[in-house]
Structure formats: structure tokens, C-alpha cells
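Here is the structure we will look at, set down as C-alpha cells.
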Amino acid sequence: MLQRPKPTDSEADLLREQEQFLTSGATSAANVVRRPDKRRGETGGDGREHNRENEGRKRDVVTIEDLPDQLPSLTPAPPKKSRFKANRVTFDDDAEERLDKHDTHISAVLSRIVERDTSSTPVSLPTFTGMAFPKVLHRSETSSQVPLSSAGGKKSIFARHIAAQRLKEGKTPLYCAPEAAQTPELREKNLSPDASMDTDQRDAAASPTVSGSRLVSGQGLGGPYSSGEIMRIHVENQAKLEAMSQSEIIEEQRKLLTQLDPRLVDFVRSRKAKSVLSSASPSKQPKAKSSKENVPSESVRRESDSSSTTEPFQKLHEEEIEAEREEEEELPLLSAVTEEGLPVKRQKEWVHMDKLEPEKLEWMRDLPAPKKKGTKKAMQARFDFAGGLIPPTEDLPTHLGLHHHGEEPERAGYSLQELFLLSRSQVIQQRTLALSTLANILSKARAGEYQSVLTGSVMSTLLDAGLLFLLRFALDDSVEGVMSTAVHALKALLVCAEDEECLDCTFSWFHGIASFPLLPSAQEEEGDEDEGQDETMKEAAKEKEARKSDHDVARQDTVKGLLQMKLLPRLRYILEVVQPAPGAVHDILEVLIRISRHSSSSATQVLDCPRLMETVMSNFLPNSWTAASSPLTQSVYGVPLASAMKLLRVVATSGRHACARLLNSLGVSERLSCLLSAEPSELLLEPTEALRITTEAYRLWAVAAGYGQACKLYISQGEECPPPPPVSWGHVTGLQALLLGHLKGLVKSLDNPVQKDHSLVLIPAYLIYLEAYYYQLSKQSCFKPVDTLQELEQLTSDILLPIISHSVVQSLIKNLKSSSVVCNGPSSQLRPDTIPSLPGLACAGWRAHLGLVVSSSPFPLLTGLGLLLETITGIHKGLSCKVTGLLLSEPVIGYLRSCSQATPTLSQTRAWLLRHEHHLLYLLLQLAHKLVPIEPEVAKHASLYHQVALVLLTWLLPGSEYLAHEMLSTIIFSKDFIPEGHSGGPEAVELGELKLHEEIQHHPSPSLQAVGTLLREACVQLPSIRGCFLTHLAYLESSVLVSRDALLCCNPWINSHLLPELTGPTLPSDWPFLPLVSLYERTGVSDGGGLAVEQLPPGALQAVTHCLQWLLLLEIWREEALRVIPPVAKLARLSCVFLCSSDLFLEKPVQKLTWGLFRLLTRRSRLDSLDLNVPPPGLASFQDLYSALLAQYEAVSFGDRLFGCWVLLPLQRRYSATMRLAVFGEHESMLRSLGVTLEQLCIPIERFTSPPEDSLPLLRLYFRSLVTGALKLCWCPVLYVVALSHVNSFIFSQDAAAQEVEAARHSMLRKIYYLTDEVLRNHLLLFRLPHQNSATGFEMYEQLPPIRAKRLESVLGLRDSSDDKGD
């Protein structure tokens, strides 16, 4: 028998029961019945009903008998029939298919369900009656229950019945007439005190005599007398308050506030604020004339009484709720929408428009004034269409179009989220407006205008939100306006116009053609990681890089992500097919320029993109063109553009092969010939554009000539000439006299204020040309030394000396320090918004403050002057003395002093400027190198020049390797620049050390045995030291050659004008340790430091000796040059002396030099700065290095005192206990050979014993080593004193401690008392304090002090009493 499903049945049970029912063939409780449609002409007697019933059973569609197919009509009129519907072709849709088609997924129904807040809605229950069902209403009975006017006009029967019921209960009718139509009597009748309290006193006239409580609602009281009880409580509270004085009220309020929960206090205040606001709002709303007249005067008086009662409370908490009160005052009190306020009057002919529905007309109301926020919390930023940030309190008119948003409708402007939403709108104008606004925001963010007013980075926020993909999608739009706006936004994101201006300004400077690729730092780190990988790993890394998604690539590198998103073909399509307006064309060209600056590979992709460069050449650099018919032309197609020529120049800068392809394959040579052969005024272009394109053409020609290409343009010959370039020396000799005449004229024009700025721009270019001319002249076969010397003397007297002594130039030289990037940190004025994935030069606002590029900067002029002086003084040695005044001038000396103390930070935004300043510093030092040996006045500042050379060596950037090589070869190891070596310097050091040790009454340590001798020997060995370091820097040889070819303009060997990637300085900051570290990497790591000196590579001992000599010299005489190296890094590098070999540290020269360096590192003034808890650069932690030192000491030290001091140094109390645990735990056996005395240690013993040790495991190890005899005074004096001091302090400590620690104290003290070794027992019990000059190294009590004796007795007494209890 079939059973009904149970609630406990599972899904499997239900399916099984359904299968049983279907197989049994039983009749179902509900059948599918389809009645014939008479409108279709169907009848019910053809026998198809039974088949449909079976078919319905198979479909398993549940129906109920006698249920009509259609919903009943809501009107009594019969349904309309169509005479044509019967003739249409119809299909009987399956009910199941219809259900599936309409009910796709539950998310289609539940996607936007928002629960309405009903917490403040009053609930009225129906009246209970004794009947089972409500009484049936009849039309004749309802007319007498409630008047039509009081029911609110024409209402339904049900509505009138409910209104009558509410009148009977004494409540306001749910549907009441407008307030103006009510009489005062009716209003008083409808509103009781109970009702007004439930609605938070919405009407001030609700209670004529007594005002209700704002706090006591009576919701917990039941019964018919609840309202009276509430009023009784309220009257009692008011009577008590009136009987109290103001001071008593304040005191009671303070007591309540201290006792109540702060959240409860906030709730009460908010409840009161809401009630006050709701009671005040009706009085401020516009009412009809009758309602204004009927407001009772008692309400005003009652309001003033209540306000006077609560005045002390308001004064007490005025500061706390100031923000809330301001918001309450600023809340807009909006009046109800009336018929008179409608913009359009309703007409009688309008159907169903006779009822006024205020809630549906709210959107037509004027916006409220912006709220004045009283909080300091951050608010959402809103922008106008120009990208400006709109203050939150600014009230702008609505006709500006800044209020079309849902959130915060009263505030003008659009948030970034709303702009993103509008940019994907289906309305073209909205998309265009949103993208244009985003472009303006990006431009202002790049200029740094939001830095002081917004938290966080706007650029980072936009890119993280997907701006790059949004712009890429917008570029695929079919509307030209949207595409153009997207291109403009992309240009605002990628391009900074001021960066390009600065690069153009420095193009004519020395080596100004070269620039760093604008690669993000993350990519540089990945490149560093790839250096140590083999080819297979590199290929795997490339495959992994190729599998990265667009999002991952764009997050690391914005330009690379755009290239992966096929940006170049789309830009080519826009240029070639769409042919947008001139503004969009310029934007696209600037975007291509920025992409080409990214790297050589990006420039190659621009060059390789199909038809891209052909489109640029044919449309924007044509061979011929006509003059524009009107100045306001609507198209730039078919006209030469300076931006297109600049794009060619930037692409050509990326490499000589790219430049050759442009010149030969794309016909750039013909364009250059056309543009350079005519004057700018003859180019049939607007004058400004003609000048710009001519300038860019000359710059492109200079780039090509830098590779030795495009030389036939110079000699104006048509025949093809194979390399080398066909230009000979005879082609350029004629320029010399002409340019010298121009240069003299420019020097004279410096006196003219109008022409001064133009002259200062041109003079450096002329000086650089003269340097190149004379540099090449000395190599020519036609070189005549005598004539050249006379010519150079005349050049110096007629041009160079007047330039140096000119007042304008002298005023520029005074700006050296203020314009320097090295001496001045990053500008704190207006910093642009930059992000790691999109680096820039940060040149925003560069004209407003001092710097290298502004017109008041002396760097371009002094660089050109120094370059020419270096060349001509190399040809004519006697000319050096004539320019001594430049090197000895006060501004130059002050600038060099500032540089010697500076620590410039390296970043992509500063590197391009630092490179030019490094050139000037190098040229000044090279001039000093020639003058120091022959000019005594200049030699007085030799130490300063040497200090500047040492710091400059660690600043030089990639591309300046040749400068580093030249400085190492000339200045760094020159005896002339270390005057201390031959002017009593070593003797002065010895006297200073002896005086220091006399003051501290300490015997000389081994480091003082031959300090002066070591320094004198180091000065003698300077040439050998230089050869040692140059040998170890041989790995830079290829970079030095490339840098030399670029700096000396060896054009045929220059492969690219792009500098190497900016991965850091050319030399590491710890380069003085390079021979030592290199030897450790070759032998110490692979062989574990077990090789003897004889087994080391040839010259290893000599290299280590020279390295230590140089370090000793620098530490004593050039300490400032090594301050960039942390002391922990110095100690770690010098530890390689012990880890390289098994006996290298035993060699006499090595040991003497290492003793001297150890003494310098452990001077009292430097010990505090030696922090071993910070990991040294290049190591994960110092503890790992120390473990290797301990193992090496156990293996090969032979009790060496130097090695012992090195091992003891990290055991000071202020360093990590891990290293002390390693000595007394894993390497306890080394305590037998660690025989360094307190006199040899050179470190105060108090640094090891103070403060007392707090590590219980370490204290137990101290105690164990002492008791077991592993640590003895004769074997390890220093650690014996250290262990005694800490154990003694621990056992007699009176500080409160944990139970485990206290038990350990008692245990140790009892064990010490019962020791059989009387000497150790006395040492542990009678230890007083360490004393470095004592025979044992510490002082002892003659007998235990009373406090300690009492403690000992108490501990032993506890032991004895516990033993007695145990017995």
C-alpha cells in the first residue's frame, strides 16, 4: 500500500516512493485538465481530453481541479476577443518549458532584495472580539461609521473602516486629510499624548498641557493604564529636576556618566537629538495659513522651559557632542511637496492624476545644502570635470552637472567609483565625459596637486581598480570621440610633459643624448636574480614570464602590460583608419614616445609593429606638402609634425640598428635632407611648429651621427660610401674660425640682460664642440704642436678667462650648492604621484625651484668649461695655472665640502640629474689632479679633493664605469692627495694612541706596537695597492670599454645611446674590502677555510695585505669616506681573514694589520655604534657568520689571541644571547683554549657583565661550565669573570621572579655551598665586581655581606626544614 511522504524522508526516499507510485498506476490526487478554448474553435468531445490527461501525468505538472486557466478579471467587463487571433498559427507550449524559461536561476529573483527598515514604524494591533471571524462589512453600514471628510476624501470601504476604528481608539487616522484642512479640535482629538510619544513628538501641539518623556517609551508596560504610568514617571522626574540646583544637576550627571556604559550614554544622546529634531522640524516646514494661526502658544513656552532645564547638560557636554550638534544644525528641514509647489499644474483631463503622491515627487525637490562634517575622519574625494578636488562643504549650483550621482546627492562632484561606472555607460556623452574627467585627474595627480589633500596615491588607486583595462577597452570603442578621449587619458597616465621638457633641455649638455631606460624597479630585481642562473633556468623563467596574465604583467610594469594587450596595433588602426582630430594624433605620438623610452625592446616593438611607422612617416612626415589654407585647420594629416620627428629620434636612441633601419628602410634620410636644407620660415608651416620640427631634425641627425651614420648629409655627396664614415678632418677645420667668432659674440652678449639667457644656453654647446675639436686635433697627422699651443693660449686669454671672471658667471657659480642634487635631498615642495610600475623623472614644477635644469643653474656651463679645460690642459700643461682661481673660489670649495658630507639617495627620479652632476665633480677633481702637484695653494685642499673622490667613486652610476676607472688610476691612490703620509701623519697617530692609553692607565695592546710603521709602509705601497684593486675590478672591463667609447665619442663602436639599466651604483659601497671578500668566495666557501697559505691562489697573501693596508689608512685618515659602511658590515668583511685559510691570520703582516683594525673598531667611540643584532648587508644574520667563526676557531686557532678577541667581541651583554649559548653549549670545548687576558681584550669588561644575565638556560650553562671545570681562570680569564659575575648576581638577586627561576636560584646556591672546590666556592659566593687591573680580574668580599649571608641561611634553612619534615 502506498504511503504519504514523511518529514523525515530523504531525497532518495522521495525518489523511491515516486517510482513506486508511477509503477503502480494508481490514480493521482490531482490531474491535469485542459479545457477547450472556444476562441480557438476547440470543443471538448473529440476524445483528446483523456490523452492530454495522460500526457499531463507524464509531464508531472500538478494542477487543481476546477481551477480556471486564466486569472479572473479585475473589472466586470467581459474579456475582449480578437477576431484575428483564431487565424494565427499557434503552438501549444509545454508548461515545463515555460517554467524553465522564466525561472532561470534563483539569483534572478534574489539579486537586489533589500529589507525595509521598520524599526521606527508604530504597530497597531486589531481589536479583539469574541467572534471567530471578523464581521462582514456591508456598503450600507460603512457610510455612517466615519465621515468622508475625516477619512481623507474618496477612500475604499476597508480604508474607511480602519479609519473609523482608529478614531474609536483615540489615534490618528491612517489616512487623514491634509493638515491645513483639519480643525484644531479635530487635531487635538486625533493626537493623544500617548500617540505623540510613540512618534517621538512629531507635533508640538499634540499635548496642550504636559510634554511627554523623550526617553521613557513604556514599551515594556502592558495594560490599559500604561500611558498614565508613563506620564506619572515623567512628571515626577521633572519635579525632581526643578527642585535641584544647577550644580546638583551637574554633579548627578557626572556620577551617572561614570557609572553608566558609554554606549548607553551615546544611545540616550542620539535618542534625545532625534526627538528634538523631529519636534522642531514641523515648525520650520511651510504650512497653510490656517495651521499657522492654530499653533498654541503653550507649546512655545513649554519648549523654552524644557530647554532651560536641560541647559546644564548641554553646557557640560558641549565639547563632546560638538560634531553631532553641528550635523543636527546643518540637517536640511525639507517641507512636504504641495500642489502649489509643482512645476507643472495638473489638468482635469489627466486620468488618475487627481491624487498627490509626495513620496514619488521627492526627486523633484531641490537638493539640501552640503553637511558640515564635524569629524576628522577621511571623506570620499569628489572631483569636478576639470579634475579639481571639490571641498565637502562647498555648495555648487546644480546646473553645473556635478550632482548626477546616487551617493551623497547633496555633494557636488563625482567619485572615482562613479567615474568608472560612467565610463562604461551606454550613453556616448557619459563615457566621453567620464574618460575626460579621469584624464584631468591623472594629469593633476602626476603634477602632485593632490599630495597635501588626499591620503594615498591616486595613481595607485586607479591602477589597482583596473584603469589600464578600462582605457584599453575604451580604445576599442566604435565612436571616434570616445577613442580620442581614451587616448588622451592614456597619454595623461603615461606621459609627463615636464619630464620631456627637461630631457629636451639637457639634450645639448655633455653626454645629454644618453638616458636611462624607464624600467620599473621590480623588473630590475628580476634581472638581478637571473644573473646567477644557467641557460635552462633562464629559458624556464622566460616561459613562465610568457604565461603571465595581462593583469600580473601590468601590475609589475605598466608599459609592458599595455604592449601585451596589443596596444600598438590598435593605435596604428586609429591613426591609419579612424584618422582622429589633431589633439588625438599628438596624444598618440606622445604615448609612442613614452613607450620607446621604456627600453630598447619596447622601442624595437614600436619599430616592428606592422605599418605603424609607415603610417607615421606617410601621414606626419611626408616628402612634400602644401601650406594650410586656414590657420584653424581640422587635420594634421599630410603635414610634418615635430612629435613624429621626436618619435623617430627616441626610437633611434635605443640602438644603432634601429637608427639604420629608420634612415635606410623608412626613408628618414630624405626627410632630414628636406627639412635641414631649408630655413624654418621656408617650410610652409606655422612658425612655432616649423622651429620645433627643425630642432628635432637636428637632434635626430645628432643621434645618427653619434653612431657614425647619416654622414653623407654633412658632406652633401650622393655616392654611397662604406664605413668608416666618409667625413674627414678637412671637412670640419673650416668650422673652427666661424664658431670661435660666434662664441666671442656670445660672451659679449652676457652683458645684455635681454640676450643673457640665450647666451648661457648656447655657450656650453660651443665649449663642448671646441673640446671635441681639440681632442681629435691632437690625433691628426696635420697636428702642429707649436701653432696649437699658441692657439690655445689665445683661446684661454680671449674667451675662457673672460667667461670665468664674468660677473654673470660668478653669480651662477654661487648657486652651485643650492642647485646641487647631491647636496640637497628630494624636494619637499610638490612631489608628483609616481608608482613603482610606471617610473618617471618627477620634474613637475621644475621651473619653480632651484635645480640643475633651471636657467640659474651653473652646471651646464661649468661642465662644458671643465671638459674643455681638461682637454687643452692635457695638450698645454702650462694653462692649468691660469685657471687656479676657479678651483680655489669660495663657492667651489664650499660646494666640495658639502659633497664630502652628503649622502644622496638613488632613485629613478634623481639618477638622470645625478649623472650630470657626477660629470662636473669628476672634471673638477681631474683639474685638481693637475694642479695639486704644482700649486701649493691648491695642495692645501688635497685632503678635501681626496675625500670627494672617495665618496664620488661609490656614487657613479651605470654608464660611468670609465670615470671610476680613471679616478682609481689617478686620484684615489695618489700620494699627492694623501698629504698625511708625508707630513708627520703616522707619528701623530702614534702619539694620539699613546696619550689615549695613558689617560685610561692601560697597557698598550698589540695594535699599538707599530701603527706608525704600518701607515708609513701603506703609503709607500700605494702604487701596489692601486694595482691590486684594479686587478680585482677587472670584471668591469667590458663595461669600462663601453663607457669609454660613449664618453670619448668613439662613434663607430657605440651600440646604443640608452644607458644600462639602473640597478645601483657601479661600485659597491664596500669596495675597499673587495680583495678580501673575493678571496673568501674563491677559497673559504668551497674549501671550508682549510687551505694553508701555500695552497691559496698566487698573490693571495699580498692582495690581503694590500687590502688591509688600504683599510687601515682609510680608517685613520679618511674615516668619513667609510661611514656609508655599517660597523657590523666592516666586522663581517674583516672576519674573512679568519675564514679564508687555516693560517692566513697567523702571518705577521696580516696579524699586525688586523690587530690595528680591531683596535680601531673597538674604540669606545665606536663600540656603541656596533650593532650585531642588525643583519649585515649581504648576510641573513650575524649569528650564521659567528657560528662559522666558532667552528673555525675550534679547528685552526691554536689559541691565537687575535682570533680569541674576535670571538669574544660578539659575547657582550647587549647582543643576542644566541651567540653566548652557542659558545657555552655547542662549542664548550673552545673554552680551554680561549686564553685572552683582560688587558689584551681592549674592551671594558663591564660591557660583558652588565646588566645581569636574565636568560635562565644560559645561566645554567654558566654554572655547569664552572662546576664541571670546563671553564677555569687559567684557561679563559675573560669568560671566567663573566660567568662568575652573572651567576653571583643571579643567586643573590632579591628581585621577584617566577617560581621556576626562584627554584633555580635556591638550587644553585645550595649546590655552591656544598661544593668541595673551596676556591671556586669562594669565588662564587664572595665575588664582588670585575676589576680589569686585578690579578684575577675581579674583586672579592672578605666575608659575605649581612644581606647575602641572611639569604644563604634562609635558603639552607628551608632545605634543612624540608629535610626534617621529610624525616
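Just so you know, these numbers come straight off a predicted model, no measurement behind them.
- Note: Y450 and F383 have perpendicular aromatic rings, judged against thresholds of 30 and 60 degrees for the angle between ring planes.
- Note that the CD atom of E501 and the SG atom of C843 stand 9.5 Å from one another [nearest 0.5 Å].
- Residues L400 and F385 have side chains not in contact (no heavy-atom distance under 4.5 Å, counting atoms from C-beta outward).
- Note that the CG atom of D557 and the CG atom of L562 stand 9.0 Å from one another [nearest 0.5 Å].
- Atom CG in L475 sits 6.5 Å away from atom CG in L567 (nearest 0.5 Å).
- Using a 4.0 Å cut-off between charged nitrogen and carboxylate oxygen, K646 and E500 count as a salt-bridge pair.
- Residues D395 and T393 form no side-chain contact, since every pair of their non-hydrogen atoms from C-beta on lies 4.5 Å or further apart.
- Between L841 and L518 the shortest side-chain heavy-atom distance falls below 4.5 Å.
- A heavy-atom distance below 4.5 Å is not found between the side chains of L471 and V487.
- At least one side-chain heavy atom of T432 sits under 4.5 Å from a side-chain heavy atom of I428.
- Taking the side chain as every heavy atom from C-beta outward, L568 and I595 approach each other to under 4.5 Å.
- Contact annotation: the side chain of H598 approaches that of P520 to within less than 4.5 Å [non-hydrogen atoms, C-beta and beyond].
- When all heavy atoms of V453 and E449 are compared, the pair lying nearest together is CG2-O, 4.1 Å.
- At least one side-chain heavy atom of L612 sits less than 4.5 Å from a side-chain heavy atom of L592.
- Ion pairing between D464 and R555 fails under the 4.0 Å rule for side-chain N and carboxylate O.
- The CG atom of L571 lies 11.5 Å from the OG1 atom of T615; values are rounded to the nearest 0.5 Å.
- Summarising the geometry of D499 relative to A842, their closest heavy-atom pair is OD1-N, 3.6 Å, with the distance given to 0.1 Å.
- Sorted by first and then second residue, the salt bridge (charged side-chain N to carboxylate O under 4.0 Å, His left out) pairs with a member in residues 412-423 read R382-E418; sequence neighbours excluded.
- Pairs passing the salt bridge (charged side-chain N to carboxylate O under 4.0 Å, His left out) check and including a residue from residues 583-595, sequence neighbours excluded, read K491-E590.
- In summary, the side chains of T485 and S436 do not present any donor paired with an acceptor at a separation below 3.5 Å, with no hydrogens or angles considered.
- Between H405 and H403, the angle of the ring planes stays under 30°, which puts this pair in the parallel group of the 30/60° scheme.
- Taking CG from L493 and CG from L490, the interatomic distance works out to 6.0 Å, rounded to the nearest 0.5 Å.
- Atom CG of D384 and atom OG1 of T437 lie 8.0 Å apart (nearest 0.5 Å).
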